[in-house]
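Here is the naming used below: chain letters follow the sequence lines, and residue numbers restart at 1 for every chain.
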2 protein chains.
Amino acid sequence: MTMSTSDEPLLRGDLFAEACPSREVLRHVTSRWGVLVLVALRRGTHRFSDLRRVIGGVSEKMLAQTLQALEADAIVLRVAHPVVPPHVEYSLTPLGREVAERVQDLADWIEGSMPVIEQARRKSGAQPARLG
Amino acid sequence: MTMSTSDEPLLRGDLFAEACPSREVLRHVTSRWGVLVLVALRRGTHRFSDLRRVIGGVSEKMLAQTLQALEADAIVLRVAHPVVPPHVEYSLTPLGREVAERVQDLADWIEGSMPVIEQARRKSGAQPARLG
DNA sequence: CTGTATCCTCTTAGATACTG
DNA sequence: CAGTATCTAAGAGGATACAG
């Protein structure tokens, strides 16, 4: 794509490019359910149903999609025990523990800053802006 | 690490809740253009057109929406000089510098880990999974 | 229990044209 | 220069039913 005239790229890698694998991973780990899966799995191994219960409000479809995306990214490890009824365990890979730590750091920072953010909104009269 | 049974919430705050202000902020700062705006503004003040040029591929509409969302979150500061033609400068607030650092840390980690992730994909035969 | 398949709705992104 | 208005297409996400 056409880009910066003479400046250095914004990021060393390709987060900037159109078809960008790293942006895809970013979307997976910061997606609505991805964040909650990572936070939940930091506490240890969970089964599919455990995750559905711990993360209230997630549909089977979205949980399955989220887990598959993170598994393909080598962030989540899926271990299926060949028994009936099926028994599948999800956990974080070493890579997953690293990224989960950063995601939770960001999430914790935002939660800790919400009072300041909401105060700034009231002072300026700004409404919580929506993207889109 | 202790296996949680069910009791404590996943996060201290409300990232988990249905209508959740902090998840909204998370979406703003990790959105496709939000990440690039934060990274660009870490380098200093930019005008609207500067940002469009530095961040190639962003439409006027999406850049305006992204900036408005981040401004309402007290992450981006907008200063309009009352001249013709209009002259508007965008920069990070102190809050914005804090969150931008964490977002870039996450983005950098992902970019640095992409070789490992893509190797894992090839080993397992997994396709880059898509959410949705 | 652990998922898939299908259908459906609502949101969002982007292109284009226009305004102060 | 710095946006807004409008339209369309794509995608996210949920409900339900069903399969291994």
Quiz item: If you check every side-chain atom of A/K61, which of D/dA15, D/dC1, C/dC1 has the closest atom?
Solution: D/dA15

Quiz item: Does A/R27 make a side-chain N or O approach to OP1 or OP2 of D/dA12 shorter than 4.0 Å?
Solution: yes

Quiz item: Which residues in residues 44-51 of chain B have at least one heavy atom lying under 4.0 Å from any atom of DNA chain D?
Solution: B/R47, B/F48, B/S49

Self-check item: B/L106 vs A/V99 side-chain heavy atoms within contact, under 4.5 Å
Solution: yes

Quiz item: Under 4.0 Å between a side-chain N or O of B/Y90 and OP1 or OP2 of D/dC1?
Solution: no

Quiz item: What residues, two or more places apart in sequence or in another chain, satisfy side-chain hydrogen bond (donor to acceptor under 3.5 Å, both in side chains) together with B/E98?
Solution: A/W109

Quiz prompt | Whole angstrom value for the distance that separates C1' of C/dT11 from CE of A/M62 | solution = 13 Å

Quiz prompt | Rounded distance (Å) that lies between atom P of C/dA15 and atom CG of B/L63 | solution = 14 Å

Practice problem: Round to the nearest Å and state the distance from B/R32 atom CZ to D/dA12 atom P. | Solution: 13 Å

Exercise. Ignoring backbone atoms, establish whether A/R52 has a side-chain N or O less than 4.0 Å from OP1 or OP2 of C/dT2.
Key: no

Exercise. Rounded off to whole Å, could you give me the CD-to-P distance for the B/Q65 and C/dA13 pair?
Key: 7 Å

Exercise. In sequence, state the C-alpha distance, the side-chain angles, and the governing distance for B/R102 and B/D105, and then conclude on salt bridge (charged side-chain N to carboxylate O under 4.0 Å, His left out).
Key: CA-CA 5 Å; B/R102 286 171 167 83; B/D105 183 47; over 6 Å; no

Quiz item: Just to confirm, is there a sub-4.0 Å distance from OP1 or OP2 of D/dT4 to any side-chain nitrogen or oxygen of B/Q68?
Solution: yes

Exercise. Measure from the side-chain heavy atoms of B/P86 and tell me the nearest of D/dG20, C/dA15, D/dC1.
Key: D/dC1

Exercise. Can you tell me the distance, in whole Å, between the NE2 atom of A/H81 and the C1' atom of C/dG3?
Key: 17 Å

Quiz item: Does a salt bridge link A/D50 with A/R47, judged by any charged N lying under 4.0 Å from a carboxylate O?
Solution: no

Quiz item: Roughly, in whole Å, what's the span from CZ in A/R23 to C1' in C/dA13?
Solution: 12 Å

Quiz item: In terms of ring plane angle, is the pair A/Y90 and A/F48 parallel, tilted or perpendicular, where the classes change at 30° and 60°?
Solution: tilted

Quiz prompt | Shortest side-chain distance from B/V88, nucleotide among D/dT4, D/dA2, C/dG3 | solution = D/dA2

Quiz prompt | Below 4.0 Å: OP1/OP2 of C/dT12 and any side-chain N or O of B/W33 | solution = no

Exercise. With the side chain counted from C-beta on, respond yes when B/V88 and B/V79 share a heavy-atom pair under 4.5 Å apart, and no when they do not.
Key: no

Quiz item: By side-chain hydrogen bond (donor to acceptor under 3.5 Å, both in side chains), which residues pair with A/E60, not counting sequence neighbours?
Solution: A/R52

Quiz item: What nucleotide, of C/dA17, C/dG3, D/dG13, holds the atom closest to the side chain of B/E60?
Solution: C/dA17

Quiz item: Rounding to a whole Å, what distance do you find between B/L67:CG and D/dT4:C1'?
Solution: 15 Å

